[in-house]
Amino acid sequence: MDTRTAEPSTVAEILLEEFLKPNQLSPGTFAKHIGLSEDAVIALLDHSTVISDGDAETLGSFFQTGADFWRQLRDAHVRWEMRMLQDAKNGG
């Protein structure tokens with residue numbers, strides 16, 4: 001597999017598949033637990049927004065993963081998106 005072009009997992013994918021589903025947490029219930037609005041959680045899950053550093057801190061604290069876990073997921077995907085845009089711009 002070409003790791004340069006393979007899309008990395010998103011915050012949304014990891015949050016949903018590795019944390020919410022196994023813990024049987026709906027977006028609304030999860031939002032109440034962490035003090036965010038349900039709309040904010042849904043925006044993360046449907047890729048309408050990028051996780052902020054503050055939200056990364058909140059998720060890291062809640063799931064005991066540390067904020068860097070969430071930031072690194074975000075940053076890896078942003079770098080991939082930028083690389084894909086640059087490749088498309090260069091005709092590749």
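Quick note: numbers below take in every heavy atom, side chains included, and nothing from hydrogens, waters or symmetry partners.
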If you look at every heavy atom in [X] and [Y], which pair is closest and at what distance?
X	Y	value
E13	S9	OE1-CA, 3.1 Å
P8	A76	CG-O, 3.8 Å
P27	L45	CG-CD1, 3.8 Å

Item to check | Any donor-acceptor N or O pair under 3.5 Å, side chains S48, D46 | outcome: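 Present: a donor and an acceptor within the cut-off.
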
When rounded to the nearest 0.5 angstrom, what is the spacing between [atom1] in [X] and [atom2] in [Y]?
X	Y	atom1	atom2	result
T65	Q72	OG1	CD	10.5 Å
E7	H77	CD	NE2	3.5 Å
E81	T10	CD	OG1	9.5 Å
D53	T58	CG	OG1	11.0 Å
N23	F62	CG	CZ	7.5 Å
R79	M84	CZ	CE	12.5 Å

Item to check | F19/L59 under side chain to side chain contact (heavy atoms under 4.5 Å, CB included): CA gap, chis, key distance, verdict | outcome: CA-CA 10 Å; F19 292 94; L59 268 61; over 6 Å; no

Checklist entry - Should E57 and R71 count as an ion pair when the cut-off is N to O under 4.0 Å? => result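 A salt bridge is present here (some side-chain N lies under 4.0 Å from a carboxylate O).
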
Linked, directly or transitively: [X] and [Y] (ILVMFWY side chains, under 4.5 Å):
X	Y	result
I34	L44	yes
L16	F69	yes
L20	L36	yes
W80	L73	no
L25	I51	yes

Next on the checklist: Can you tell me how the ring of F63 sits relative to the ring of F30, calling it parallel under 30°, perpendicular over 60° and tilted otherwise?
Outcome noted: parallel

